[in-house]
Amino acid sequence: MPSITSFNIAHLHLLLNHVPTVGAILALGLLIVAFVRRDEPLKLAGLEVLFAIALLTLPVYMSGVAAHQKLKNQPGISDDAMRVHQDAALDGFAVTEFAGFVAWIALWQSRRRGRATPGLVPAATVLAILALVIMSRAATLGGDIRHPEIRADVSAASEPAGDPERFVASKISVIMVNSPWAWPASETIHFLGLSLSFGVLLAVNLRILGVMKRVPFAEVHRLLPWGLLGFGANLVTGMLFFIGQPNQYIDSPPFYWKMVFLMIAGANFLYLTVFRKAWPPVSNDAWDASVADKAMAVVSLFSWLAVLYGGRMLPFIGHAF
Amino acid sequence: MALLVWLESLPLAIWVHESPSVWAQPTVLTLHTMGMGVLVGASWMLDLRLLGIGRNIPLSSFGWVFRAVMVGLIVNLVTGILLFAGRATLWGTAFPFLVKMLLVVASAATLMPLRSYVLHGDPNQREVSGRARLLAIASIVAWSGAITAGRLLAYLVAG
């Protein structure tokens, strides 16, 4: 049976790597048309795309790091060029995540109050432009790795490699590996964040499954930002682990499954945020979810447990820490 | 000490600790983490409500929290004992482990008065007493401390 890690990771990166730029263009297009037409539903669609892109950028970045680890000793591929690309991609990743975060806040407020705080959607739009610009630079530098013939400054292609320690990713890695407290502290935060996120998703999904039936859905929806807070803490600390010791993760089957289920759980989180069925004017007293929504709640809880399983099993299946 | 040595000699304890099977220590440890997520997560949802997040939810709607906490507590008691038994003489005498146990007991203890406060009051009650708010803060802090202590055990006690 082929394993989840048996495909070529560089190919996966080549497949995924257009998502952040093309996705940002799509989100921007929707937002700009929505502004011009004053079309609220279209604006929400733009914000939803932006959040989805922020989610998908995670595997894009990680597959890039994995491809670098696999290819760095191959002749004809410049390790320096890959590191330059990777640092630019890390900047792009950070801005894209921030854009997705602002887009999520706007979506959450829109669901609750009918509209987001003034200025929030324009802010998300500006961040999407910024993410597109920075990601385009990363994409250009990525293209240079295997296509030196299209480089703007051909002479730079033959420059001697600089000190690899000058890159941000390398600096993060040095701190994570050498500091006696950085890894344990990040792990502690990762576990606290896990409990917070899981608690929120437990409450919201249990409501959909019929627990707390007297409570209007809007009231458990109020908890979602706390779930995102826990998730944000885990995104930051998780990235510190991944950048710190990429080789512990890039060949590890539980890590791939963890990412797959994280994408499912993230998509479900977006669905719960914009979930319309349980809101007024639909009578929200003792509102009962459809069978499909109940099935979705079960999938959501299962996915979070699978994310947790994949993470906790990392030291045992595949790779020893 | 004799008890700790006896615990360590139990076949089940030895199996959990030494078997290369994925069903031994890896699964027990993972279940312990899942139990933590359910236990602490559910407990924190009640704490957030008591501190004013979701003010309109009647307190009596939080009965599910105590059922979830019960499930988490039982899973973690069983898995915790299994993890403890295999290295009973190590954990049983390690100061950081005793600190963790103290924090877990303290956290769970905050839930007892909260349970009667939430479940035996007026079914439509929405106001929260100052004492319940203090208990909620104590619960958040104690669970955070217990998780921190548990996580740091791997670094402070050579196991």
Side-chain angles (χ1 to χ4, degrees), chain A residues 180-181 183-207 209-227 229-230 237 254 284 301-302 304-318 320-321, chain B residues 20-49 51-65 67-69 71-72 107 123-124 126 140-141 143-156:
Chain A
W181 56 266
W183 202 286
S186 302
E187 269 194 354
T188 302
I189 295 170
H190 206 70
F191 275 58
L192 293 170
L194 167 178
S195 302
L196 184 58
S197 284
F198 192 75
V200 170
L201 272 301
L202 192 63
V204 178
N205 285 310
L206 283 181
R207 173 64 190 87
L209 289 172
V211 180
M212 293 188 281
K213 216 168 228 170
R214 281 203 314 148
V215 177
F217 183 77
E219 291 301 326
V220 289
H221 186 270
R222 172 73 189 77
L223 290 169
L224 285 176
W226 294 86
L229 176 69
T237 49
N284 61 21
L301 288 175
F302 178 81
W304 285 110
L305 285 176
V307 168
L308 205 157
Y309 178 87
R312 189 60 268 198
M313 280 293 186
L314 280 171
F316 305 110
I317 307 176
F321 271 50
Chain B
S21 163
V22 81
W23 297 104
Q25 207 206 2
T27 299
V28 176
L29 201 55
T30 300
L31 286 173
H32 199 65
T33 312
M34 289 177 176
M36 175 201 81
V38 173
L39 170 61
V40 179
S43 181
W44 277 352
M45 291 312 106
L46 175 62
D47 296 334
L48 284 178
R49 166 63 188 88
L51 295 173
I53 311 298
R55 271 172 217 286
N56 297 327
I57 308 180
L59 296 184
S60 59
S61 300
F62 280 89
W64 68 272
V65 164
R67 289 194 290 278
V69 159
V71 171
S107 316
N124 290 315
R126 287 176 169 78
I140 292 176
V141 172
W143 280 128
S144 304
I147 291 179
T148 306
R151 199 48 267 184
L152 296 185
L153 278 180
Y155 299 92
L156 296 175

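Just so you know, these numbers use all the heavy atoms, side chains as well, and skip hydrogens, waters and symmetry mates. Per chain, numbering begins at 1; letters A, B, ... match sequence-line order.
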Would you say that [X] contacts [Y] through its side chain, given a criterion of any heavy-atom pair below 4.5 Å between the two side chains?
| X | Y | value |
| --- | --- | --- |
| B:Val40 | A:Phe198 | no |
| B:Arg151 | A:Pro184 | no |
| B:Met45 | A:Leu223 | yes |
| A:Thr188 | B:Tyr155 | no |
| A:Ser195 | B:Trp44 | yes |
| B:Thr148 | A:Glu187 | no |

Quick one: closest heavy-atom pair of A:Leu192 and B:Ser144, and the distance?
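Smallest interatomic distance, heavy atoms only, reads CD2-CA, 3.7 Å.
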Under a 4.5 Å heavy-atom cut-off, does chain A meet the side chain of [X], its backbone, both or neither?
| X | value |
| --- | --- |
| B:Val38 | both |
| B:Pro58 | side chain |
| B:Ile57 | both |
| B:Thr27 | both |
| B:Met34 | both |

Counting only heavy atoms not in B:Arg55, do more than 12 sit closer than 6.0 Å to its CZ atom?
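No, the 6.0 Å shell around CZ holds no more than 12 heavy atoms from other groups.
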Roughly how far apart are [X] [atom1] and [Y] [atom2], rounded to 0.5 Å?
| X | Y | atom1 | atom2 | answer |
| --- | --- | --- | --- | --- |
| B:Leu31 | A:Arg312 | CG | CZ | 11.5 Å |
| A:Leu305 | B:Thr33 | CG | OG1 | 11.0 Å |
| A:Ile189 | B:Ile147 | CD1 | CD1 | 12.0 Å |
| B:Ser60 | A:Arg214 | OG | CZ | 4.5 Å |

Atom group of [X] that falls short of 4.5 Å from chain B, counting heavy atoms:
| X | result |
| --- | --- |
| A:Leu206 | side chain |
| A:Val200 | both |
| A:Leu194 | side chain |
| A:Trp226 | side chain |

Selection from A:Ser197, A:Ala203, A:Pro180, A:Gly311 maximising heavy-atom pairs under 4.5 Å formed with chain B:
A:Ala203
Run the side chain to side chain contact (heavy atoms under 4.5 Å, CB included) check on A:Phe316 and B:Leu29 step by step: do they pass?
CA-CA 11 Å; A:Phe316 305 110; B:Leu29 201 55; 3.8 Å; yes
I need the residue from B:Val65, B:Leu48, B:Leu152 with the largest number of non-hydrogen atom pairs under 4.5 Å to chain A.
B:Leu48
